[in-house]
Amino acid sequence: MTKRIVITGTDTGIGKTVFSAGLAGLLNGFYWKPVQSGLDEETDSEVVARLSGLPAGRVLPEVYRLRMPLSPHRSAEIDGVAIEAAKLSLPVLPGPLIIEGAGGLMVPLNRQTRFIDIFREWQLPVILCARTALGTINHTLLSIEALRARSIPLIGLAFIGEEVADTQKTIVEFSGVPELGRLPLLDPLTGETLRDAMVAGFDLASIAGGE
């Protein structure tokens, strides 16, 4: 089976799109963000297209494109759109697919369904992105508990930010979830600096292993 990986995070704005771009590029795969909220600035798919180095057509179109930068359920209501979980069916592709959620696991898609409900239905392996800043221990351990309660397979943790060794160690020790690596905040952030940081910071063989 072609490798498919879900990228989610403990919160919004933590850098999971940049991580997704780096991973999709290194795997020479495809990227898909099924639901995009906020269209006034560069979208996540556009960021991935710019940073990943993937050929044209490897960044798949979103199923839902919502104008306001809000939780998808509210943004959809403002746009007069009903997000239907049945329309978020997994594409069949001839290569690895990186799928990015919106915000954290409990983000609502509509008044009945959250992203974690979709992830439970898909039963694809997940990488959980977590910032290294203060508060991450609580947010990360709660997210891990939520995934485990629904038997969603978890590959490991991708930390994003400056190294905070004890925090990272504490999360791994309490959860038993492996640390896949750490992506520092990059300045400048370019396709080249991202690729170099991903190669240096992650064991890609363990990420790209069997599904």
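All figures in this text were calculated on a predicted structure; none of them were measured in a lab. Just so it is clear, the values below take in all heavy atoms, side chains as well, and ignore hydrogens, waters and symmetry mates. This chain uses plain numbering: 1 for the first residue, then up along the sequence.
- Distance check, rounded to the nearest 0.5 Å: CD1 of I118 to CD1 of I99 gives 11.0 Å.
- For residues 14-38, the pairs satisfying salt bridge (charged side-chain N to carboxylate O under 4.0 Å, His left out) are K33-D44, K33-E100, with sequence neighbours left out.
- Evaluation of the ring-ring contact (aromatic ring centres under 6.0 Å, His included) test over residues 5-50, restricted to residues two or more places apart or in two chains, returns F19-F202.
- Judged purely by atom type and a 3.5 angstrom limit, R65 has no side-chain atom pairing as donor or acceptor with the backbone of L39.
- Between L186 and P184 there is a side-chain heavy-atom pair separated by less than 4.5 Å.
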Worked check of salt bridge (charged side-chain N to carboxylate O under 4.0 Å, His left out) between E42 and R50
CA-CA 10 Å; E42 189 177 32; R50 175 169 57 84; 2.9 Å; yes
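- At least one side-chain heavy atom of L97 sits less than 4.5 Å from a side-chain heavy atom of P91.
- No side-chain donor from either of Q36 and E62 sits under 3.5 Å from a side-chain acceptor of the other.
- If you take OG on S52 and CG on N28, they are separated by 9.5 Å, rounding to the nearest 0.5 Å.
- Within the structure, salt bridge (charged side-chain N to carboxylate O under 4.0 Å, His left out) contacts touching residues 126-151 (residues at least two apart or in different chains) are D11-R131.
- Put simply, the side chain of T167 never gets that close to the backbone of T132: no donor and acceptor are under 3.5 Å apart.
- If you chain together hydrophobic residues whose side chains sit under 4.5 Å apart, M106 and L109 fall into the same group.
- Both L128 and F174 are assigned to one and the same hydrophobic cluster, defined by single-linkage of ILVMFWY side chains at heavy-atom distances under 4.5 Å.
- Separating the CG atom in L51 from the CG atom in L189 is a distance of 5.0 Å, to the nearest 0.5 Å.
- A donor-acceptor distance shorter than 3.5 angstrom exists from the side chain of T193 to the backbone of T190, with no hydrogens or angles considered.
- Applying the salt bridge (charged side-chain N to carboxylate O under 4.0 Å, His left out) test to residues at least two apart or on different chains, none of the pairs has a partner in residues 180-189.
- In the hydrophobic clustering of ILVMFWY residues, with side-chain heavy atoms under 4.5 Å counting as a link, I78 and V35 come out apart.
- Taken to the nearest 0.5 Å, the CD1 atom of I14 stands 7.5 Å off from the OG1 atom of T136.
- Residue pairs meeting the salt bridge (charged side-chain N to carboxylate O under 4.0 Å, His left out) criterion with at least one member in residues 105-114, sequence neighbours excluded, are E77-R111, R114-D117.
- If you take CZ on F159 and OG1 on T10, they are separated by 9.5 Å, rounding to the nearest 0.5 Å.
- Residues V48 and I98 are not in side-chain contact: their nearest non-hydrogen atoms beyond the backbone lie 4.5 Å or more apart.
- Distance check: I137 CD1 to T170 OG1 gives 5.0 Å after rounding to the nearest 0.5 Å.
- Counting only heavy atoms from C-beta outward, the side chains of I144 and L157 approach each other to under 4.5 Å.
- The environment of CD in E192 is sparse: at most 12 heavy-atom neighbours from other residues, nucleotides or ligands sit within 6.0 Å.
- Distance alone, capped at 3.5 Å, places no donor-acceptor pair between the S75 side chain and the P69 backbone.
- Between the side chain of D79 and the main chain of R67, a donor-acceptor pair closer than 3.5 Å is present.
- Take S71 and apply the side chain to side chain donor-acceptor pair (under 3.5 Å) test, not counting sequence neighbours, and it matches H73.
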